[in-house]
Number of protein chains: 2
Amino acid sequence: MARSSVTALHTGTPADTDTCPAARPGVRAPGRGPCGHCDLGPLAFCDGFAPRTVSNLWRVQCTVPFEAHDTLFREGDPGVAVYSIVSGAVKVYKLMPDGRRQITAFFFRGDMFGFCLGGSYAYTAEAITPVGVCRLPMQRLNDLANTAPEVQDRIVRRMTAKLAQFHDHVLLLGRKTARERVATFLLGLSDRARRRGEPGSPLTLPMGRADIADHIGLTVETVSRAMTRFKREGLLDLPSASQVSIRQPDALRAIAEGATGG
Amino acid sequence: MARSSVTALHTGTPADTDTCPAARPGVRAPGRGPCGHCDLGPLAFCDGFAPRTVSNLWRVQCTVPFEAHDTLFREGDPGVAVYSIVSGAVKVYKLMPDGRRQITAFFFRGDMFGFCLGGSYAYTAEAITPVGVCRLPMQRLNDLANTAPEVQDRIVRRMTAKLAQFHDHVLLLGRKTARERVATFLLGLSDRARRRGEPGSPLTLPMGRADIADHIGLTVETVSRAMTRFKREGLLDLPSASQVSIRQPDALRAIAEGATGG
DNA sequence: CGCTACCTTGAGCGCCCTCAACTAAAGTGG
DNA sequence: CCACTTTAGTTGAGGGCGCTCAAGGTAGCG
């Protein structure tokens with residue numbers, strides 16, 4: 001699992017913050033998160049925490065870079081840390097013995113994953129692009145949470161949001177058609193991009209068609225056909241395979257919600 | 001939404017604990033939960049809490065009965081309370097405009113649902129059987145959690161477990177065949193029954209075929225066919241439509257995990 | 001005993017998967 | 001810089017699993 005110094009390429013984080021003991025809390029660069037580890041700003045887990053809490057947090061976390069295709073942890077590994085993404089994209093998936101794969105979630109800048117109190121990870125996490133993550137040791141985060149309600153509360157909020165996402169995704173997988181799934185997926189990416197302050201429409205897909213397929217329960221071919229058809233119909237623009245421009249958001253939304261779109 | 005006195009039928013809770021102010025903390029019947037509201041014992045949310053926390057909890061919660069088909073809350077309702085099931089079964093689901101339904105989860109004795117911090121419920125909750133629930137007002141639970149880390153911690157644990165379940169269910173919906181889905185579903189019910197201290201095999205299905213179908217992304221007919229075939233093959237016994245006896249758990253498990261069970 | 005709701009069983013069809021070929025883009029070595 | 005290789009995406013033809021539609025069976029209930 002290579003961890004070369006690709007950091008500067010995707011985070012702008014200086015090399016001296018790559019590992020735990022190296023971070024310097026005193027040096028808070030402009031635009032940085034409260035703890036000085038990252039540049040997540042309001043997206044940061046620790047945003048708005050009391051100074052004392054932040055400094056306690058600072059001592060337990062560290063920023064780590066991964067390259068594309070690196071595995072952060074595997075299903076069944078002891079769950080020792082929670083991750084917060086500073087830059088890049090991560091997919092988490094489960095495998096069946098015969099190789100069938102289900103990507104249960106994608107995570108982007110500002111997202112957290114890896115919660116599994118006192119147990120093992122329920123899924124494997126793999127970097128899609130070069131990734132910078134803030135790593136929070138579970139046990140020590142837990143200890144801190146017991147003295148700082150704001151930390152525990154933040155965790156609960158993150159998990160609540162994730163649970164709501166899962167309800168939506170279960171609806172998608174259980175009851176939507178291929179076309180509806182692709183439309184829903186693209187709109188979901190768009191929403192999440194906007195929610196982290198990025199434009200919602202010229203959209204860059206960090207994941208390939210195979211990853212999309214394994215996330216929304218289809219095959220590569222079906223995903224490809226659906227997107228091509230959306231393009232033919234003028235709902236999307238696809239300047240390249242990984243570039244998506246949403247031309248008719250409302251029409252796409254109607255399809256995603258089940259309109260019998262031709 | 002009828003709330004007649006069906007309580008005695010399914011909980012054994014005396015009538016005077018049906019609503020919040022009526023419960024008497026001093027009178028803890030043998031076999032009761034720590035707060036005296038229910039008989040969940042170790043399954044109770046408040047099991048193991050400090051006496052002071054329990055008495056604070058006691059003041060915010062109340063036990064409420066529902067009849068089968070009653071709606072506890074609807075998708076979009078303001079999320080004012082969390083529910084803990086004392087007896088009976090509940091289904092939660094999302095609807096699409098055209099009527100397609102996805103049951104995202106079933107809940108049984110000891111389970112909690114309805115978490116949605118400061119927002120609206122993401123799904124509708126409906127009683128399958130007569131149900132007794134312990135109702136915990138969200139805001140006051142939250143206030144309590146800020147002073148008692150054990151409460152917050154318990155919430156996080158419940159949510160973590162639920163998240164893991166969702167990962168499994170997403171795998172089921174995204175990548176498993178009809179046969180595998182039904183096998184997985186039945187084994188899941190069996191596991192959960194055992195985990196709350198009930199026998200894992202002569203299993204009583206509180207939900208109908210239609211509910212099962214809407215949970216695992218199939219149609220009634222396909223569920224029925226799969227179960228009939230399991231019976232023909234000697235993996236199950238179906239003395240009645242709602243009674244399931246698992247004859248060959250290992251074979252069933254193999255199928256659930258993707259063995260090419262002819 | 002008849003009504004109703006639920007479950008089962010059967011026949012045929014359709015959406016999506018499978019298999020396969022082709023195209024495009026990105027990396028590689030001479 | 002360009003031929004070669006590799007990987008990813010697209011497009012087409014055909015088949016199968018699960019859905020649809022329909023009928024028959026069965027259990028609970030007035």
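Please read all numbers here as calculations on a predicted model, not as lab measurements. Every heavy atom of this structure was used, including side-chain atoms; hydrogens, water molecules and symmetry mates were not. In what follows, chains carry the letters A, B, and so on, assigned in the order in which the sequence lines appear, proteins first and then strands, with residues in each chain numbered from 1.
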Between [atom2] of [N] and [atom1] of [X], the distance in whole Å:
X: R181(A); N: dC17(C); atom1: CZ; atom2: P; value: 8 Å
X: L238(B); N: dC7(C); atom1: CG; atom2: C1'; value: 11 Å
X: Q243(A); N: dA24(C); atom1: CD; atom2: P; value: 19 Å
X: F230(B); N: dT9(C); atom1: CZ; atom2: C1'; value: 18 Å
X: D211(A); N: dT7(D); atom1: CG; atom2: P; value: 16 Å
X: R229(B); N: dG10(C); atom1: CZ; atom2: P; value: 14 Å
X: H69(B); N: dC6(C); atom1: NE2; atom2: C1'; value: 11 Å
X: L205(A); N: dT10(D); atom1: CG; atom2: P; value: 10 Å

For [X], give me all partners under side chain to side chain contact (heavy atoms under 4.5 Å, CB included), at least two apart in sequence or on another chain.
X: A89(A); answer: F108(A), I128(A), T129(A), P206(A)
X: T228(B); answer: S224(B), R232(B)
X: R158(A); answer: F45(A), M112(A)
X: D98(A); answer: M96(A), R100(A)

Legend entry - Relative orientation of the end axes in the helix from dC1(C)-dG30(D) to dG30(C)-dC1(D), expressed as an angle to the nearest 10° (five pairs per end):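 Taking five pairs per end, the axes differ by 40°.
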Legend entry - Full working for salt bridge (charged side-chain N to carboxylate O under 4.0 Å, His left out) between D39(A) and R109(A): CA-CA 10 Å; D39(A) 64 350; R109(A) 175 178 166 80; 3.3 Å; yes
Legend entry - Listed partners of Y83(B) passing ring pair (Phe, Tyr, Trp, His ring centres under 6.0 Å), at least two apart: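 Here the qualifying residues are F73(B), F113(B).
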Inset, instruction - Output the distance between atom CZ (R175(B)) and atom CZ (R181(B)), rounded to the nearest 0.5 Å. - result: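 R175(B) atom CZ to R181(B) atom CZ measures 10.0 Å (nearest 0.5 Å).
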Legend entry - Contact pattern, 5' to 3', of nucleotides 17-23 of chain D - B, S or - by protein heavy atom under 4.0 Å: -SSBBB-
Polar pairs (N or O, both sides) under 3.5 Å between protein and nucleotides 21-23 of chain C?
none

Quiz: residues 248-259 of chain B side-chain donor-acceptor pairs under 3.5 angstrom, not counting sequence neighbours:
{"residue": "Q248(B)", "atom": "NE2", "partner": "G234(B)", "partner atom": "O", "Å": "3.2"}
{"residue": "D250(B)", "atom": "OD1", "partner": "R253(B)", "partner atom": "NH1", "Å": "3.0"}

Which atom pairs, one a donor and one an acceptor, fall under 3.5 Å between side chains of residues 194-203 of chain B and the rest of the protein, sequence neighbours left out?
{"residue": "R194(B)", "atom": "NH1", "partner": "D191(B)", "partner atom": "OD1", "Å": "3.2"}
{"residue": "R194(B)", "atom": "NH2", "partner": "S190(B)", "partner atom": "OG", "Å": "3.1"}
{"residue": "R194(B)", "atom": "NH2", "partner": "D191(B)", "partner atom": "OD1", "Å": "3.3"}
{"residue": "R196(B)", "atom": "NE", "partner": "E198(B)", "partner atom": "OE1", "Å": "3.4"}
{"residue": "R196(B)", "atom": "NE", "partner": "E198(B)", "partner atom": "OE2", "Å": "3.0"}
{"residue": "R196(B)", "atom": "NH1", "partner": "R192(B)", "partner atom": "O", "Å": "3.3"}
{"residue": "R196(B)", "atom": "NH2", "partner": "E198(B)", "partner atom": "OE1", "Å": "3.4"}
{"residue": "S201(B)", "atom": "OG", "partner": "I246(B)", "partner atom": "N", "Å": "3.0"}

Inset, instruction - Kindly write out the residues that satisfy side-chain hydrogen bond (donor to acceptor under 3.5 Å, both in side chains) with S84(B), not counting sequence neighbours, or none if the list is empty. - result: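 So S84(B) forms no side-chain hydrogen bond (donor to acceptor under 3.5 Å, both in side chains) with any residue.
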Inset, instruction - Applying salt bridge (charged side-chain N to carboxylate O under 4.0 Å, His left out), name anything that partners E75(B), two or more places apart in sequence or on another chain. - result: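 Salt bridge (charged side-chain N to carboxylate O under 4.0 Å, His left out) check on E75(B) returns K94(B).
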